[in-house]
A.B. asks: 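Input: one structure, supplied below.
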Amino acid sequence: MAKDTSKKLTEGNPMRLILGFMIPVLIGMLFQQFYSLVDTVIVGKALGVSALAAVGSTGSITFLTIGFCNGVASGFAIPVAQRFGAEDHKSLRRYVTNSAWLAIILSLVMTVFVSIYCREILILMQTPEDILDEAYAYLLVIFLGIPVTYLYNLTSGIIRSLGDSKTPVYFLLLASALNIVLDLVFILGMKTGVGGAAVATVISQAVSGILCLVFMIRRFPILKMEKGDWKLRKRESFVLLSMGLPMGLQYSITGIGSVVLQASVNTLGSMAVAVQTASGRLINFFAVFYDAIGSTMATYGGQNVGAGKLDHLKAGLKAALIVDMIYAVIAWILLYFFSYKFLLLFLNSNETVIMQESRTYMLIVTAFFALLALVNTFRFLIQGMGYSSFALLAGIAEMIARILVAFTLVPVMGIMAAAIAGPIAWLFADAFLVPAYFWCCRQTEKKLGQPYMTSQRS
C-alpha cells in the first residue's frame, strides 16, 4: 500500500507545527509567483514596456475571477479539514466528492461567461487603446484556463487539509520549470506575444493539477471511495457552498475594488500602468508569505475546531502573529536596499522615471505589511473555524476603501494614490476582522461546550 502522507495539526508545539506546515506551502507559493515573475521578465525584456503594461492592466480583473476560483476551492477544503480533525472519514469522503461536482459546474459556467465578455470588460475598465489588443489576448487565455485553476486549487487544498503541505510543492516545482521553458518557446521561439505567456501559465497549472489529483487518489487510503460516496448530496453541497461561496465572493468583492482602482490608474496612461505592474509583481512576491500563513491557519483552524482543541487554536494564533511581525520588518528592509536591483528584472536601466516611481510605490506598500499580516492571519483562521461569511464582510470593507481611493485620491495624487490604497484597505478589513475573531471564539465555545480562554497547552 502507498504511504499515507496525512498529518494532524492538533498535537504538539503550535509554533513548530505552523512553521513545519507553512514552509512547504510558502515554497510552493513562491514558485507560483516565480513563474509569474518569469512571465513578466520575459514580456518586459523581450516585448517592451507596452506589452508589460498590457499584462499588468489585466491584473485586477484576473484577481477578481481567478481569486474567486481560489477562494471557492479553499472554502471547499475547510469541511474536509474539520472532518479529518474529527476522524469522520465517511463524511470526509462525501465532502471531497461533492466538492468535485460543484467545482466542475462552477468552472464551466464561469469560463463561458467571462470568455464571452472578455473584451467588453477591458473596455469598461478604460484600458488604454495602445495596449487593448495585447491585454485581450492575454486575458482570454487566462479565462479559458479557469477549469484547470479549479483543478489545481481544489486538489492541492484537499491534500493540505489532510496535513500534507509538501507534496503540492513538488508538483509546483515541476510546473514552474515547465512554465519557464514554455515561455521561452512561445514568446521567443514562436513569437506568440503576450498570449504565449498566458498559454504557458495555463498549461503549467494543468500539469500540476493533474499530478495533485493522481497523488491524492493513490496516497490517501481514507479517500478510497465506497458505494454512494459519489452521489451529489444536498446537505454536503449546502455546507460546501456556505463555506466556499463567501470565500470566493470575498476575493471577488475585494477584486471589484481593485478593478475600479485599476480603471482609475488606466486613465493615467500606459506608463503609470507599467509602474503599477513592475512594483506590483515584486510586492506580490514578498506578500506571498502572508498567503502561506493564511493557508496554514485555515487548515490549522479547521483541524483544531474539528478536534475540539480550542486552547491549541489560541496558542497557534499567537505563534503566527509573532512570525508575521518579524517578516514584515525583514521584507521592508530588503526592498529598501535592493529594490532597484529587483526592478532591473523587468525594466531596462534607462527607464529611470519608471524605476524611481516603482521603488517609491513598493516602499509605501510594504511599510504597512503588518496590516496585511493581520488580515490574512485572522481572516483565514476565522474561515477555518467555520465562519467563512466574515471573509465576505471583510472583502466588502476592502472594496469600499479601494473605491474611495480611486475616486478621491488618484485624480489628485496620481499613481502614488494607488500605492496607499492597499494599506487603507487592509486597515478597513482589520477593523472588522479582529473583533470578529473574538466573537467567533465565543460562538465556538458555546457550540463545543468548553471555554476558549483557557491556560491549558497541548
Side-chain angles (χ1 to χ4, degrees), residues 32 58 60-83 92-118 120-121 139-161 168 198 201-202 205-206 208-210 212-213 216-217 223 225 229-256 258-259 291 295 298 302 379-380 383-384 386 388-392 395-396 399:
Q32 278 187 303
T58 68
S60 58
I61 190 63
T62 300
F63 177 80
L64 191 154
T65 52
I66 303 303
F68 178 82
C69 304
N70 296 347
V72 169
S74 297
F76 285 175
I78 288 173
V80 177
Q82 291 178 343
R83 293 302 89 205
L92 182 152
R93 288 192 296 272
R94 291 180 176 180
Y95 277 121
V96 169
T97 55
N98 277 259
S99 67
W101 286 119
L102 294 173
I104 291 170
I105 295 169
L106 288 171
S107 66
L108 293 177
V109 172
M110 285 184 63
T111 301
V112 171
F113 180 80
V114 296
S115 298
I116 290 174
Y117 294 103
C118 181
E120 285 74 12
I121 292 170
L139 188 60
L140 180 61
V141 175
I142 296 297
F143 281 167
L144 292 174
I146 284 176
V148 300
T149 299
Y150 268 107
L151 173 63
Y152 171 73
N153 284 283
L154 182 61
T155 52
S156 62
I158 291 171
I159 291 172
R160 285 193 295 269
S161 291
T201 298
V202 171
Q205 191 167 58
S208 57
I210 292 170
C212 281
L213 177 62
M216 187 176 74
I217 293 172
L223 293 181
M225 300 303 167
D229 286 340
W230 279 103
K231 181 180 179 182
L232 186 61
R233 298 172 183 274
K234 290 183 179 180
R235 179 185 176 279
E236 281 78 3
S237 295
F238 176 79
V239 172
L240 288 165
L241 291 173
S242 67
M243 294 284 187
L245 288 181
M247 290 182 68
L249 289 172
Q250 173 260 311
Y251 280 98
S252 292
I253 287 174
T254 302
I256 290 172
S258 298
V259 167
D291 293 329
S295 178
R379 172 185 286 155
F380 283 93
Q383 290 169 352
S388 60
S389 58
F390 282 111
L392 178 59
I396 292 173
M399 177 190 69

A.B. asks: What's the spacing between Ser99 OG and Ile78 CD1 if we round to 0.5 Å?
C.D. replies: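 Answer rounded to 0.5 Å: 12.5 Å.
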
A.B. asks: Donor-acceptor pair, Ser161 side chain versus Ala77 backbone, under 3.5 Å?
C.D. replies: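 The answer is yes, because a donor-acceptor pair under 3.5 Å joins these two groups.
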
A.B. asks: If only atom types and distance count, is the side chain of Ser237 paired as donor or acceptor with the main-chain N or O of Lys234 below 3.5 Å?
C.D. replies: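 No, the answer is negative, given that no donor and acceptor are paired below the 3.5 Å cut-off.
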
A.B. asks: Minimum heavy-atom separation for Gln82 to Gly384, with atom names?
C.D. replies: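 Result for this residue pair: NE2-O, 3.1 Å.
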
A.B. asks: Do Val202 and Leu144 have side chains that get closer than 4.5 Å, going by heavy atoms?
C.D. replies: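 Sidechains of Leu144 and Val202: no contact.
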
A.B. asks: Out of curiosity, Phe76 CZ to Asn98 CG, how far, rounded to the nearest 0.5 Å?
C.D. replies: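 The CG atom of Asn98 is 9.5 Å from CZ of Phe76, to the nearest 0.5 Å.
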
A.B. asks: Are Gln383 and Ser74 packed together at the side-chain level, in the sense that at least one heavy-atom pair is separated by less than 4.5 angstrom?
C.D. replies: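 When only atoms from C-beta onward are counted, Ser74 and Gln383 do not touch, as no gap falls below 4.5 Å.
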
A.B. asks: To the nearest 0.5 Å, what is the distance between OG (Ser115) and CZ (Phe143)?
C.D. replies: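 It comes to 7.0 Å.
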
A.B. asks: Under the side-chain contact (heavy atoms from CB on, under 4.5 Å) criterion, do Tyr150 and Met110 qualify, and how do the steps go?
C.D. replies: CA-CA 11 Å; Tyr150 268 107; Met110 285 184 63; 3.3 Å; yes

A.B. asks: Quick check: closest heavy atoms across Ala206 and Val148, and the distance to 0.1 Å?
C.D. replies: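 Smallest interatomic distance, heavy atoms only, reads CB-CG1, 3.7 Å.
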
A.B. asks: Looking at Trp230, is its backbone amide N or carbonyl O close enough to the side chain of Trp101 to form a donor-acceptor pair, meaning the two atoms are under 3.5 Å apart?
C.D. replies: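 Yes; at least one donor-acceptor contact below 3.5 Å.
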
A.B. asks: Between the side chain of Thr97 and the main-chain N/O of Arg94, is any donor-acceptor distance below 3.5 Å?
C.D. replies: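 Looks like yes, one N/O pair under 3.5 Å.
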
A.B. asks: How far apart are the C-alpha atoms of Cys212 and Tyr152, what are their side-chain angles, what is the distance that settles it, and do they pass the side-chain contact (heavy atoms from CB on, under 4.5 Å) test?
C.D. replies: CA-CA 7 Å; Cys212 281; Tyr152 171 73; 3.9 Å; yes

A.B. asks: Rounded to the nearest 0.5 Å, how far apart are CG of Leu232 and CD1 of Ile104?
C.D. replies: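 Nearest 0.5 Å value for the CG-CD1 distance: 10.0 Å.
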
A.B. asks: Between Gln205 (side chain) and Ile146 (backbone), is there a donor-acceptor pair under 3.5 Å?
C.D. replies: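 Checked: no pair found.
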
A.B. asks: For a quick test of reading the model, state the closest non-hydrogen atom pair linking Ala73 to Leu154 and the distance between them.
C.D. replies: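 Closest approach of Ala73 to Leu154: CB-N, 3.7 Å.
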
A.B. asks: Of the non-hydrogen atoms in Met243 and Gly386, which two are nearest, and what is the gap between them?
C.D. replies: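 Of all heavy-atom pairs spanning Met243 and Gly386, the closest is CE-CA, 3.5 Å.
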
A.B. asks: Is any side-chain heavy atom of Cys69 less than 4.5 Å from a side-chain heavy atom of Asn153?
C.D. replies: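 Of all side-chain heavy-atom pairs linking Asn153 with Cys69, none is under 4.5 Å.
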
A.B. asks: Test Leu241 against Leu102 for side-chain contact (heavy atoms from CB on, under 4.5 Å), laying out the working first.
C.D. replies: CA-CA 8 Å; Leu241 291 173; Leu102 294 173; 4.0 Å; yes

A.B. asks: Measuring from Leu92:CG to Glu236:CD, what's the distance to the nearest 0.5 Å?
C.D. replies: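 If I round to the nearest 0.5 Å, the distance is 11.0 Å.
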
A.B. asks: Enter the distance from Leu213:CG to Ser156:OG here, rounded to the nearest 0.5 Å.
C.D. replies: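 Separation between the atoms: 11.5 Å.
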
A.B. asks: Identify the heavy atoms of Arg379 and Gly395 that sit nearest to each other, and give their distance.
C.D. replies: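 Scanning both residues completely, I find the closest heavy atoms to be NH2-N, 4.3 Å.
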
